[in-house]
Engineer: 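Here it is, the structure, as structure tokens.
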Amino acid sequence: MDTRWIDDLAASIPETRVFREAHQIKRFTTGIRFGGGAALAVFEPASLLDFWQVLKASVAADCVVICQAANTGVTGGSTPDGDDYDREVVIINTLRLDTCLPICDAQQALVFAGGTLYRLEEMLAPFGKNPHSVIGSSCIGASVIGGICNNSGGSLVKRGPAYTELALFAQLNEQGELELVNHLGIDLGTTPEEILGNLEAGQFDASAVTLEGGLASDPEYSDRVREVDAATPSRFNADRRRLHEASGSAGKLAVFAVRVDTFDKPKAEQVFYVGTNEPEQLNEIRRKLLSECAELPEMAEYMHQSWFDGADRYCKDTFLIIKYLGTSFMPRLYRIKAAMDRWLEKIPGLPNRPADHVLQRLARLWPDHLPKRMRAYREAYEHHLIVVAADTAISEIRQVLHNVTRESEAGAFFECSPKEGDAALLHRLVAGGSPARYNLVHAKETNGMVTFDVALPRNYGKWYEFLPEDLLDQCAAPYRGGHFMCHVFHWDFVVKAGVDPQAIKARMMTLLDDIGAKYPAEHNVGNQYFAEPDHAAFYRELDPTNTFNAGVGKMSKYKFYH
């Protein structure tokens with residue numbers, strides 16, 4: 001392939017970074033859990049207009065285009081998948097476009113292509129507002145638009161999947177013509193150059209921007225999650241209710257900006273820590289909190305002791321870094337680790353991703369990082385639930401926990417001090433990284449990972465005994481946790497050496513189909529799951545030429561899906 005177009009493009013937009021060497025692009029082409037393949041080049045545009053220029057040139061060169069931000073997708077959907085595409089692949093990384101602006105008196109935020117949750121939280125703090133999502137449940141460092149494109153759900157009980165109908169995006173029509181579509185509800189001009197230039201410069205009438213014209217979150221979800229007797233899941237990625245243009249697009253559009261709702265910060269919060277050896281107690285707590293309480297909890301995160309131990313042993317370094325340096329340091333840490341790996345991997349005999357091995361060993365030298373009461377509950381109880389209540393819900397939720405746990409000696413709860421609450425939530429936050437770290441550290445004894453984020457029917461009460469013992473016996477580390485109120489569970493299996501992970505996965509899918517579960521629930525299909533027929537039809541409608549993120553959902557990687 002003639003690649004002079006890349007040199008010409010680099011000369012015309014000199015502030016855009018261009019990477020072409022294998023050692024330079026590895027961090028962009030390799031997923032944090034799954035996914036990896038070859039790419040012709042990686043572009044990091046410095047402006048929205050540069051993003052458009054890179055996109056136009058890539059389409060003109062007949063390349064497959066993969067847009068990514070933080071590359072934290074856990075199903076491999078933001079990287080190439082193998083080397084069997086019929087065209088060259090280029091990656092456009094948008095992280096330099098990390099801009100978030102308040103609009104409509106901070107009732108909404110305008111977020112550019114690379115806007116991260118770090119930046120959005122930072123921007124909203126002076127207004128007493130929170131974003132739709134919180135940082136990380138299975139990954140740390142996510143972008144806002146990445147969440148929108150994957151209908152990500154997360155841990156907040158009241159808010160449901162990330163969703164908006166207000167977006168600015170580029171797509172290809174059936175004739176292969178690139179179009180910029182402005183559905184932001186903001187008058188920015190007519191040509192792509194006008195629209196993008198005015199948006200980046202803030203040259204629009206902010207007083208004319210209203211909350212009318214489209215949804216910027218899911219207003220029905222808090223009612224939906226309360227339907228505890230429904231035989232269907234509360235949320236899942238293939239739900240046609242919440243597939244709309246950028247929302248749920250999985251990279252089949254190039255999204256330049258979105259508008260999202262913001263939410264008032266609570267005036268008071270209380271973290272409760274529940275432990276039990278009788279999971280039916282947790283079912284009773286869930287039913288009472290969802291069907292009897294006037295206010296929903298903010299969060300209710302389940303951790304099996306396996307995930308407690310995984311976070312304790314394999315995510316201690318991440319816990320300590322966030323505790324002492326803050327979540328805003330994480331993007332810098334990823335860059336430092338990538339640079340260390342590039343340098344250390346030149347030394348013969350070192351394991352894969354040596355920087356992670358170094359951090360793992362250093363963390364062991366640090367004193368115990370968890371509160372004594374959490375340690376005591378880990379020794380006493382198999383099942384753990386972290387409940388966050390706010391404002392008027394605090395007393396109501398306290399009473400529910402008291403009433404349920406006092407009726408049996410199987411469980412108990414305590415009210416966390418601020419330090420204990422921070423530790424409990426941070427322990428849960430970092431837990432999502434434990435399967436990948438375990439798999440890395442014990443590479444010689446394992447044969448890869450099988451991960452499920454699965455939405456169980458809202459009335460399914462036997463979640464704790466769903467997984468067959470003979471299946472668990474084939475796993476070196478079966479990690480289990482989830483967002484308990486919405487019944488979305490993360491079942492992450494690191495399989496033993498000699499065990500076929502695809503056989504485990506196929507069996508799991510059959511078992512899940514039998515009970516009416518839906519998967520994936522919140523991380524989208526990526527390259528790990530088959531897109532359901534409606535889901536696949538949505539992708540074809542968005543991208544009839546199959547130029548953007550070809551192969552997602554295990555669909556065809558060939559042009560026009562041939």
Side-chain angles (χ1 to χ4, degrees), residues 1-32 35-73 76-83 85-99 112-116 141 143 145-146 149 169-170 172 178 180 192-193 196-197 199-200 251 253-257 331-332 334-343 345-346 547-551:
M1 178 182 181
D2 187 351
T3 59
R4 285 176 292 181
W5 68 273
I6 298 177
D7 298 321
D8 294 342
L9 180 63
S12 66
I13 47 175
E15 291 187 2
T16 289
R17 298 171 186 156
V18 183
F19 304 102
R20 301 175 70 176
E21 300 298 325
H23 71 277
Q24 294 176 317
I25 68 174
K26 183 178 179 182
R27 64 189 175 100
F28 301 99
T29 60
T30 305
I32 64 168
L40 180 66
V42 175
F43 298 92
E44 284 189 317
S47 68
L48 294 176
L49 194 54
D50 284 2
F51 184 5
W52 174 251
Q53 297 299 331
V54 171
L55 195 58
K56 284 202 305 181
S58 301
V59 169
D62 197 26
C63 292
V64 169
V65 178
I66 297 176
C67 297
Q68 67 173 213
N71 189 18
T72 56
S78 54
T79 64
D81 179 34
D83 303 322
Y85 296 85
D86 62 335
R87 295 151 287 169
E88 295 284 358
V89 176
V90 299
I91 295 173
I92 304 176
N93 184 282
T94 61
L95 267 189
R96 294 177 72 190
L97 310 177
D98 189 3
T99 297
F112 288 9
T116 60
S143 68
I145 285 179
C149 291
F169 56 89
L172 285 159
L178 189 65
L180 187 68
E193 290 74 19
L196 297 171
L199 179 60
E200 191 128 45
L253 300 172
V255 184
F256 285 76
R332 188 183 306 173
Y334 294 146
R335 292 193 294 270
I336 293 170
K337 284 170 59 177
M340 286 179 63
D341 284 341
R342 288 196 298 273
W343 182 76
E345 285 172 354
K346 299 175 184 178
T547 294
F548 293 110
N549 214 6

Engineer: So which atom in Asp98 and which in Thr116 form the shortest heavy-atom distance, rounded to 0.1 Å?
Structural biologist: OD1-N, 3.0 Å

Engineer: Donor-acceptor pair, distance only, cut-off 3.5 Å: does the side chain of Asn71 make one with the backbone of Arg27?
Structural biologist: yes

Engineer: What closest approach, in Å, do Arg342 and His23 show between heavy atoms, and which atom pair accounts for it?
Structural biologist: CD-O, 3.1 Å

Engineer: Just wondering, do Pro45 and Ile13 contact through their side chains at under 4.5 Å, heavy atoms?
Structural biologist: no

Engineer: Just by modelled atom types, is the Glu44 backbone N or O under 3.5 Å from a matching donor or acceptor in the Arg96 side chain?
Structural biologist: yes

Engineer: When you measure from the side chain of Gln68 to the backbone of Phe28, do you find a donor-acceptor pair of N or O atoms at a distance under 3.5 Å?
Structural biologist: yes

Engineer: So, the side chain of Thr16 versus the backbone of Asp50: is there a donor-acceptor pair under 3.5 Å, distance only?
Structural biologist: no

Engineer: What's the spacing between Glu88 CD and Ser58 OG if we round to 0.5 Å?
Structural biologist: 11.5 Å

Engineer: Please name the pair of heavy atoms, one in Val255 and one in Ala113, separated by the smallest distance, quoted to 0.1 Å.
Structural biologist: O-CB, 3.5 Å

Engineer: Okay, side chain of Asn549, backbone of Ile66: is any donor-acceptor separation there less than 3.5 Å?
Structural biologist: no

Engineer: Looking at CG of Leu9 and CZ of Phe43, how far apart are the two atoms once the value is rounded to the nearest 0.5 Å?
Structural biologist: 5.0 Å

Engineer: Please say whether more than 12 non-hydrogen atoms of neighbouring residues, nucleotides or ligands are located less than 6.0 Å from NZ in Lys26.
Structural biologist: no

Engineer: Roughly how far apart are Phe19 CZ and Ile91 CD1, rounded to 0.5 Å?
Structural biologist: 11.5 Å

